[in-house]
Amino acid sequence: MLQLKKPKLHELDYRKKLLKDKNTMKFNTNNGGTVDFAKKIWKQWYDLWMHSSDHYYAYIYDKDIHRYIGEVSYYYEPEYDEYILNIIIQYEYRKKGKGKEALLLLCQQAKENGIRFLCDDIDVNNPAITVFKQAGFKETWQKGHIIMLKKRL
């Protein structure tokens, strides 16, 4: 069973590890792959993501194995006039139903926070599209290699 947990500032080392893992970040190859989440930006990042009504961020905690297995977030994107989500499941926990469960938890949290729709713009070759569709997301547009998936909450 999964749970969303907001991390403390000193717990952001898990995010750093997650974003630096080549296997976990393989889906991000078109955008550079791994991401450097340097400790010097943690405080500024944390203040935005933990204290802004337009941003939400949490770790995905697996209560059965007592460890974090990924992250979820959403933020308001003015370019689309939509809330865009992000979900990353650590590589070794993929293909076990964890992504769909975490995505549904994020949708529930967003709904409780007053959000009416969640979207994600992802690469057409990303296998996560199946998970999104299983969770009730529908394709709303495609531009080049990017599609927008959207769900009414």
Side-chain angles (χ1 to χ4, degrees), residues 1-21 24-63 66-91 93-94 98-123 126 128-129 131-143 145-153:
M1 180 176 222
L2 301 182
Q3 173 182 19
L4 301 183
K5 286 187 165 187
K6 288 191 161 204
K8 304 283 189 222
L9 179 63
H10 70 275
E11 294 176 309
L12 291 181
D13 55 336
Y14 175 74
R15 182 166 204 266
K16 181 178 178 70
K17 174 187 163 194
L18 190 67
L19 296 177
K20 274 310 231 188
D21 184 76
T24 296
M25 296 303 292
K26 192 170 188 171
F27 74 91
N28 198 43
T29 302
N30 289 343
N31 294 315
T34 61
V35 176
D36 182 27
F37 187 57
K39 197 166 189 168
K40 66 183 178 184
I41 66 164
W42 288 11
K43 173 96 171 74
Q44 180 182 3
W45 182 93
Y46 191 85
D47 287 345
L48 174 66
W49 283 90
M50 295 299 151
H51 304 295
S52 167
S53 61
D54 284 346
H55 291 73
Y56 175 84
Y57 179 86
Y59 285 159
I60 305 164
Y61 183 75
D62 189 321
K63 293 196 274 187
H66 307 287
R67 67 179 56 214
Y68 295 128
I69 63 160
E71 68 175 25
V72 292
S73 64
Y74 66 77
Y75 66 97
Y76 179 73
E77 175 54 67
E79 177 184 347
Y80 298 138
D81 192 26
E82 300 280 10
Y83 281 88
I84 303 297
L85 72 87
N86 174 59
I87 181 169
I88 301 174
I89 303 294
Q90 200 171 315
Y91 180 77
Y93 301 108
R94 291 183 182 163
K98 307 290 186 184
K100 181 179 174 187
E101 186 179 350
L103 186 55
L104 291 172
L105 283 172
L106 180 63
C107 289
Q108 182 60 40
Q109 183 64 56
K111 184 176 182 177
E112 289 173 12
N113 291 344
I115 307 300
R116 294 183 45 215
F117 295 94
L118 273 182
C119 302
D120 198 8
D121 53 347
I122 63 178
D123 191 283
N126 190 326
I129 291 171
V131 174
F132 278 84
K133 289 184 175 179
Q134 290 172 348
F137 283 76
K138 307 282 186 224
E139 183 177 334
T140 60
W141 56 256
Q142 181 175 344
K143 293 178 186 167
H145 63 48
I146 301 295
I147 66 169
M148 179 66 83
L149 299 168
K150 184 175 185 175
K151 180 178 180 173
R152 176 185 289 273
L153 306 177

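Basis for what follows: all heavy atoms, side chains included, without hydrogens, waters or symmetry-related copies.
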Any [X] side-chain heavy atom under 4.5 Å of [Y] side chain:
{"X": "I60", "Y": "V72", "answer": "yes"}
{"X": "V35", "Y": "M25", "answer": "yes"}
{"X": "L18", "Y": "F37", "answer": "no"}

Report the residues that fulfil side chain to side chain contact (heavy atoms under 4.5 Å, CB included) with [X], sequence neighbours left out, ordered by chain and then residue number.
{"X": "K5", "answer": "Q3, Y61, Y68"}
{"X": "D13", "answer": "W42"}
{"X": "D36", "answer": "K16, K20, A38"}

Determine, stepwise, if the pair F27 / I122 fulfils side chain to side chain contact (heavy atoms under 4.5 Å, CB included).
CA-CA 9 Å; F27 74 91; I122 63 178; over 6 Å; no
According to salt bridge (charged side-chain N to carboxylate O under 4.0 Å, His left out), who are the partners of R15, at least two apart in sequence or on a separate chain?
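If we apply the salt bridge (charged side-chain N to carboxylate O under 4.0 Å, His left out) test to R15, skipping adjacent residues, the hits are E71.
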Residues in salt bridge (charged side-chain N to carboxylate O under 4.0 Å, His left out) with D47, at least two apart?
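D47 satisfies salt bridge (charged side-chain N to carboxylate O under 4.0 Å, His left out) with K43 only.
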Can you pull the salt bridge (charged side-chain N to carboxylate O under 4.0 Å, His left out) pairs that have at least one residue in residues 98-122, sequence neighbours excluded?
D62-K98
Check residues 145-153 and write down every donor-acceptor pair under 3.5 Å in which the side-chain atom is one partner and the other belongs to a residue at least two apart or another chain.
from	atom 1	to	atom 2	distance (Å)
K150	NZ	E82	OE2	2.7
K151	NZ	A135	O	2.6

Looking at [Y], is its backbone amide N or carbonyl O close enough to the side chain of [X] to form a donor-acceptor pair, meaning the two atoms are under 3.5 Å apart?
{"X": "T24", "Y": "Y91", "value": "yes"}
{"X": "N126", "Y": "A128", "value": "yes"}
{"X": "E11", "Y": "K8", "value": "yes"}

Which residues pass the side-chain hydrogen bond (donor to acceptor under 3.5 Å, both in side chains) test with S52, not counting sequence neighbours?
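Here the qualifying residues are H55.
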Quick one: pull up CG in L9 and NZ in K39 and give me the separation to the nearest 0.5 Å.
8.5 Å
Looking at CZ of R94 and NZ of K26, how far apart are the two atoms once the value is rounded to the nearest 0.5 Å?
10.5 Å
Residues that [X] engages under ring-ring contact (aromatic ring centres under 6.0 Å, His included), provided they are two or more places apart:
{"X": "Y93", "answer": "none"}
{"X": "Y74", "answer": "Y56, Y83"}
{"X": "F117", "answer": "none"}

For [X] versus [Y], what's the shortest heavy-atom pair and its separation?
{"X": "L85", "Y": "L106", "answer": "CB-CD2, 3.9 Å"}
{"X": "A58", "Y": "P7", "answer": "CA-CD, 4.3 Å"}
{"X": "S73", "Y": "W49", "answer": "CB-CZ3, 3.7 Å"}
{"X": "I89", "Y": "A102", "answer": "CD1-CB, 4.4 Å"}
{"X": "L118", "Y": "A110", "answer": "CD1-CB, 3.8 Å"}

Side chain to side chain contact (heavy atoms under 4.5 Å, CB included) assessment of Y14 paired with R67:
CA-CA 10 Å; Y14 175 74; R67 67 179 56 214; over 6 Å; no
Would the number of heavy atoms belonging to other residues, nucleotides or ligands and lying under 6.0 Å from OH of Y46 be above 12?
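Counting other residues, nucleotides and ligands, OH of Y46 exceeds 12 neighbours.
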Dump the intermediate steps for side chain to side chain contact (heavy atoms under 4.5 Å, CB included) on Y75 and I84, then the final yes or no.
CA-CA 6 Å; Y75 66 97; I84 303 297; 3.9 Å; yes
Could you walk me through whether L2 and L105 pass the side chain to side chain contact (heavy atoms under 4.5 Å, CB included) test, one step at a time?
CA-CA 8 Å; L2 301 182; L105 283 172; 3.8 Å; yes
Ring geometry between Y57 and Y59 (parallel below 30°, tilted from 30 to 60°, perpendicular above 60°):
perpendicular
